[in-house]
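Okay, so here's the structure we're looking at.
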Amino acid sequence: MGLVEAAIPAQPEPTPTTSAERQKFAKARFVANAGLAAGATYQWIIKPYREGKFKKGAKGRTFTLVKAGLAGAFAYNRLKAAIRNAQGDPLLSKAVAPLTAGVESLKNLGTKLRKGEAGDADISSFEDVINGVKDAGKGAGAPVTDQVPSLSQLGG
């Protein structure tokens, strides 16, 4: 061993993450992303829709529709991430597999909401997909609770 080699301390070898740790992190990320999608959907889409804030002539309608459009795009993005996260856990992956098409069906609803073109069926679609994801998470040991994102989170 040369002088230079002796002066350099040995670096510890990184240990690979265990399968159990990967599954735990997959569930945690799934819960976080699905919770944000659920919170955004309820707070910025379902609740104002039920309160009549999307109707023509409603006070603040334009701003409400812009927020709903952002929330729709945000929720779609977080649901896609949650589906990807679920792939790290076999039980969760199996539970959310049937929901993939439902999530994809939400892809353009953010734009539809922003333009004020969303109706009862569109709002029901969002609610059904969110409830399906929550049920799948609960059944796989990853219960999802609504986490309402701020307006700045919706746009960023």
Side-chain angles (χ1 to χ4, degrees), residues 17-156:
T17 305
T18 66
S19 179
E21 288 173 327
R22 281 194 299 274
Q23 286 180 15
K24 179 180 171 188
F25 292 133
K27 278 186 177 181
R29 288 190 304 264
F30 168 83
V31 167
N33 282 315
L36 285 168
T41 299
Y42 179 74
Q43 182 68 31
W44 307 108
I45 299 171
I46 294 169
K47 185 176 164 188
Y49 183 79
R50 287 182 180 157
E51 293 171 352
K53 294 181 179 180
F54 289 8
K55 292 182 180 173
K56 290 184 184 194
K59 186 176 180 186
R61 178 178 186 253
T62 301
F63 188 54
T64 300
L65 291 174
V66 168
K67 289 187 291 188
L70 289 171
F74 177 87
Y76 170 75
N77 178 282
R78 293 300 84 212
L79 287 169
K80 293 284 288 180
I83 297 290
R84 280 191 310 273
N85 299 145
Q87 302 311 312
D89 179 84
L91 185 59
L92 195 52
S93 179
K94 190 182 270 189
V96 300
L99 302 170
T100 305
V103 170
E104 277 306 310
S105 74
L106 303 177
K107 186 174 186 170
N108 297 314
L109 280 182
T111 302
K112 210 172 176 182
L113 286 161
R114 184 176 43 80
K115 291 180 177 180
E117 298 170 352
D120 290 341
D122 298 312
I123 303 304
S124 291
S125 292
F126 252 111
E127 196 167 24
D128 291 346
V129 170
I130 292 295
N131 288 336
V133 168
K134 287 172 115 176
D135 290 345
K138 184 178 179 183
V144 175
T145 55
D146 293 8
Q147 301 293 320
V148 179
S150 66
L151 275 177
S152 63
Q153 284 177 296
L154 293 182

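Worth saying up front: this structure is predicted, and the values here are computed from it rather than measured.
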Validation: residues 30-38 side-chain donor-acceptor distances under 3.5 Å, sequence neighbours left out:
from: Asn33; atom 1: OD1; to: Arg78; atom 2: NH1; distance (Å): 2.5
from: Asn33; atom 1: ND2; to: Arg29; atom 2: O; distance (Å): 3.3
from: Asn33; atom 1: ND2; to: Asn85; atom 2: OD1; distance (Å): 2.7

For residues 106-117, which side-chain donor-acceptor pairs fall under 3.5 Å, sequence neighbours excluded?
from: Lys112; atom 1: NZ; to: Asp122; atom 2: OD1; distance (Å): 3.3
from: Lys112; atom 1: NZ; to: Asp122; atom 2: OD2; distance (Å): 3.3

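Nearest heavy atoms, Gly52 versus Ala58: O-CB, 3.5 Å. Gly102 approaches Val129 most closely through the heavy-atom pair O-CG2, 3.5 Å. Counting all heavy atoms, side chain and backbone alike, Ala140 lies closest to Leu92 at CB-CD1, 3.6 Å. When all heavy atoms are compared, the tightest approach of Pro98 to Ala95 is CD-O, 3.5 Å. Counting all heavy atoms, side chain and backbone alike, Pro149 lies closest to Gly39 at CD-C, 4.0 Å. Val96 and Ala136 get closest at one heavy-atom pair: CG1-CB, 3.9 Å.
Separating the NZ atom in Lys138 from the CG atom in Asp135 is a distance of 7.5 Å, to the nearest 0.5 Å. Here the OG-CG distance, from Ser152 to Leu70, works out to 11.0 Å after rounding to the nearest 0.5 Å. For the atom pair NZ (Lys80) and OG1 (Thr100), the distance works out to 7.5 Å, reported to the nearest 0.5 Å. Atom OH in Tyr76 sits 10.5 Å away from atom CZ in Phe126 (nearest 0.5 Å).
Legend: residues meeting side-chain hydrogen bond (donor to acceptor under 3.5 Å, both in side chains) with Lys27, ordered by chain and number and at least two apart, are absent. In this view, Tyr49 and Phe54 satisfy the ring-ring contact (aromatic ring centres under 6.0 Å, His included) rule, not counting sequence neighbours. Partners of Lys94 under the side-chain contact (heavy atoms from CB on, under 4.5 Å) rule, at least two apart in sequence or in another chain, do not exist in this structure.
Using modelled atom types, one side-chain atom of Gln153 and one backbone atom of Ser150 make a donor-acceptor pair closer than 3.5 Å.
The stretch residues 144-155 participates, sequence neighbours left out, in these salt bridge (Lys or Arg N to Asp or Glu O under 4.0 Å) pairs: Lys134-Asp146.
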For this session: For Ile123 and Ile45, run side chain to side chain contact (heavy atoms under 4.5 Å, CB included): C-alpha distance rounded to whole Å, both residues' side-chain angles, the deciding distance at 0.1 Å, then the answer.
Result: CA-CA 7 Å; Ile123 303 304; Ile45 299 171; 3.6 Å; yes
For this session: Test side chain to side chain contact (heavy atoms under 4.5 Å, CB included) on Leu151 and Trp44 and set out the steps.
Result: CA-CA 9 Å; Leu151 275 177; Trp44 307 108; 4.0 Å; yes
For this session: Run the numbers on Thr41 and Glu127 for side chain to side chain contact (heavy atoms under 4.5 Å, CB included), then give the verdict.
Result: CA-CA 8 Å; Thr41 299; Glu127 196 167 24; 5.9 Å; no
